[in-house]
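In what follows, a single structure is set out as structure tokens and then discussed.
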Amino acid sequence: MTSRLGLPDLGVGVGLRVPHYRHILDSRPAVDFFEVISENFMVPGGKPRYHLSAVCETYPVVQHGVSLGIGNPTAPADDYLDALRKLVDETKTPWVSDHLCWTGVPGTNLHDLLPLPYTQEVVKRVSERAKRVQDRLGVRLLLENTSSYMSHASSTMPEWEFVSAIAEAADIGLLFDVNNVYVSAYNHGFDPSEFVRSVPHERIVQIHLAGHDNLGRYIIDTHGGHVIDPVWELYRETIERTGPVSTLIEWDDRIPEFPVLAAEAERARRVRAEAVAARAALGGRAPARPRMGVPVRGAAVPQHRAWTQGGPREHEGGSP
Amino acid sequence: MSGVDELQGELAELLTRRRAVDTDPTVSEQCARIATGNDRLSPAQQIEIYREQFWLRHTSCLLEDFEGLGAVLGQSNWERLIEDYLSAHPPTSFSLRDLGDRMPEFVERSSWLPHHDLCVDMARVEWAYIEVFDAPDAAPLDPAELAAIPESAWERARLRLSPALRLVRVGHPVAAFRRSVRLNETDRSLPEPEPQNLVIYRGRDRDLHHQVLGDAAFALLQALSQGLALVPAAERAMARAPHQADRIEHELSAWFADWAARAWIVGVEI
């Protein structure tokens with residue numbers, strides 16, 4: 001088992017989503033680990049807590065959040081961090097992740113993962129807070145590169161420099177979302193290989209893979225389908241540079257039957273093994289490979305839907 | 001306030017606007033100051049992607065939580081209500097679960113709503129379902145604990161009710177209507193006025209249920225929920241439902257057994 005920042009490689013996991021609860025608890029499928037959306041379980045009781053506890057009995061669980069708001073005008077609230085810490089103690093998650101973004105301003109939570117301006121001022125703000133959050137939670141904090149649909153006029157550096165600077169300054173880990181790299185590369189016209197090659201690979205503790213919706217003029221990160229081939233190739237390139245890293249399939253919209261999700265995880269396992277073998281054959285160096293280049297504009301799908309992070313919320317069951 | 005704070009404040013204002021920013025010439029300059037745009041999207045179009053999602057995300061979340069209210073109102077009134085609500089009460093909690101926490105009072109104040117009384121009932125009941133869904137767990141009543149209580153102590157005993165239980169008195173049979181909405185029954189009509197005492201609760205199976213109670217039993221439960229000991233609670237219930245005073249006396253132990261079996265009562269304090 002490879003250790004990254006002292007953290008284990010958990011293998012290949014999937015996001016724990018409400019439509020699969022029954023299947024998972026009844027048949028306990030072979031999955032290396034589950035990732036849960038922290039906020040869905042920061043409640044006092046009822047089914048969410050019951051289901052989480054049942055899953056934790058059988059599987060390693062890692063926590064992934066959507067509401068930390070590390071780049072907001074104000075620092076994360078104490079009561080939020082206290083509740084998060086309580087859940088960390090219960091799930092025994094080896095790390096906690098959230099997004100490198102902002103989510104709202106005082107008085108309004110936008111419940112979105114909004115891109116930050118890539119500036120030194122924001123690097124300082126976020127890295128100082130990330131250090132404090134990490135200390136408070138008692139486990140390593142990972143921040144995830146987000147997908148974005150707008151670019152700030154005030155940015156002074158490319159996203160990969162911004163991500164790297166924060167990870168190094170705060171001494172935190174990275175949750176490297178390969179699909180997000182591709183989505184942002186498409187939306188903003190950069191070479192995703194540049195991103196993959198430029199971040200500190202030793203800090204990548206977890207990887208996300210997901211599908212997206214290509215609307216032609218831009219891509220929305222819906223997590224609503226299969227991982228596309230260019231993203232698989234980018235994943236291969238990432239693993240060739242990092243070595244084996246805990247990898248997770250996210251599927252939050254149009255969620256399929258569990259076996260479809262499990263097959264996607266199996267594909268990740270195969271690609272990961274091939275990339276690790278290619279790296280090992282070169283004594284731990286990444287094979288030379290051409291850059292991917294700026295993604296070519298793809299075929300559009302007709303609809304533009306709402307999307308959510310973490311799939312549908314759990315609701316009442318039983319008698320309607 | 002830093003430059004980033006100001007930028008975020010400006011963006012938050014743009015993203016919570018009711019109308020599209022990419023077709024509003026009055027904000028195009030402001031958008032161009034904030035976003036770069038590219039060869040496919042103007043700065044305002046980039047920002048509009050997020051603005052549109054703000055509304056789609058929150059309105060769909062509220063529709064999940066207030067499905068019955070949406071069915072009573074119909075599409076256009078529902079959209080107007082939700083836009084008004086989100087403008088008056090922008091989301092503040094980190095959790096979307098709390099998004100509708102002010103909906104019952106907001107509906108009460110929205111006197112323009114058609115079927116206003118019915119809407120008020122429905123909003124109260126649907127919020128009660130949200131609260132009960134993830135309320136704290138409580139261990140069921142231990143029969144041994146019960147057996148150990150001496151007869152003489154019952155007079156001053158206080159019954160502890162489940163945290164996952166709400167008592168809602170409504171003027172329409174909204175729980176049954178909501179059920180038909182959730183079952184997608186097509187031949188439903190809006191309920192006529194008919195006062196009901198509803199207990200909305202999470203059962204031992206962790207599913208949510210509702211139960212209609214008579215006046216006496218409901219009054220007793222209300223008194224118990226306010227922390228009254230058993231005897232004063234029964235006296236208050238008799239005062240509230242004097243026509244059913246005999247019933248309270250005769251059925252008390254049967255009610256008690258039923259409520260314990262349903263996990264409405266989770267403890268006894270002497």
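Numbered from 1 within each chain, the chains take letters A, B, ... in sequence-line order.
Distance check: B/Phe54 CZ to A/Thr108 OG1 gives 7.0 Å after rounding to the nearest 0.5 Å. Distance CG/B/Leu41 to OH/A/Tyr218: 7.0 Å, rounded to 0.5 Å. Note: A/Leu110 CG to B/Gln8 CD = 10.0 Å, rounded to the nearest 0.5 Å. Rounded to the nearest 0.5 Å, atoms CZ (B/Arg40) and CZ (A/Arg217) are 10.0 Å apart. The CZ atom of A/Arg49 lies 12.5 Å from the CZ atom of B/Arg206; values are rounded to the nearest 0.5 Å.
What you find for A/Val105 and B/Ala12 is that their closest heavy atoms are CG2-CB, 3.7 Å. Across every non-hydrogen atom of A/Ser151 and B/Gly37, the tightest pair is OG-O, 4.4 Å.
Atom CD of B/Glu29 is surrounded by 12 or fewer heavy atoms from other residues, nucleotides or ligands within 6.0 Å. More than 12 heavy atoms of other shown residues, nucleotides or ligands fall within 6.0 angstrom of atom CZ in B/Arg109.
Using a 4.5 Å heavy-atom cutoff, the side chains of B/Ile34 and A/Met150 are in contact. Between A/Glu314 and B/Phe133, the closest side-chain pair of non-hydrogen atoms falls below 4.5 Å. You'll find the side chain of A/Met42 stays beyond 4.5 Å of the side chain of B/Ser95, heavy atoms only. In this structure, the side chains of A/His152 and B/Leu7 come closer than 4.5 Å at one or more pairs of heavy atoms. Taking the side chain as every heavy atom from C-beta outward, B/Leu11 and A/Leu114 never approach each other to under 4.5 Å.
With respect to B/Asp207 and A/Lys47, a salt bridge is recorded, a charged nitrogen being found less than 4.0 Å from a carboxylate O. Salt bridge present: A/Asp112 and B/Arg57 bring a charged side-chain N and a carboxylate O closer than 4.0 Å.
For A/Ser148, the parts lying under 4.5 angstrom from a heavy atom of chain B are both the backbone and the side chain. Residue B/His58 touches chain A through its side chain alone, counting heavy-atom pairs closer than 4.5 Å. For a residue to count as touching a neighbouring chain, one of its non-hydrogen atoms must lie under 4.5 Å from one of that chain's; by this rule A/Leu116 touches chain B with the side chain only. B/Asn38 touches chain A through its side chain: at least one heavy atom from C-beta onward sits under 4.5 Å away, while N, CA, C and O do not.
Side-chain N or O atoms of A/Glu39 include none that pairs as donor or acceptor with a backbone N or O of B/Arg97 at under 3.5 Å. A distance-only check finds a donor-acceptor pair linking the side chain of B/Asp137 to the backbone of A/Gly46 [under 3.5 Å]. At least one donor-acceptor pair closer than 3.5 Å links the side chain of A/Asn109 to the backbone N or O of B/Ser93.
Highest contact tally toward chain A, considering only B/Ala135, B/Ala164, B/Ser180, is held by B/Ala135 [criterion: heavy-atom pairs under 4.5 Å]. Of all the listed residues (B/Pro163, B/Cys61, B/Ala138, B/Pro43), the one sharing the greatest number of non-hydrogen pairs under 4.5 Å with chain A is B/Cys61. With chain B as partner, the option from A/Ser154, A/Gly189, A/Ser155, A/Gly107 having the largest number of non-hydrogen pairs under 4.5 angstrom is A/Gly107.
Using bins of under 30°, 30° to 60° and over 60° for the plane-to-plane angle, the ring pair B/Tyr50/A/Tyr149 lands in the tilted bin.
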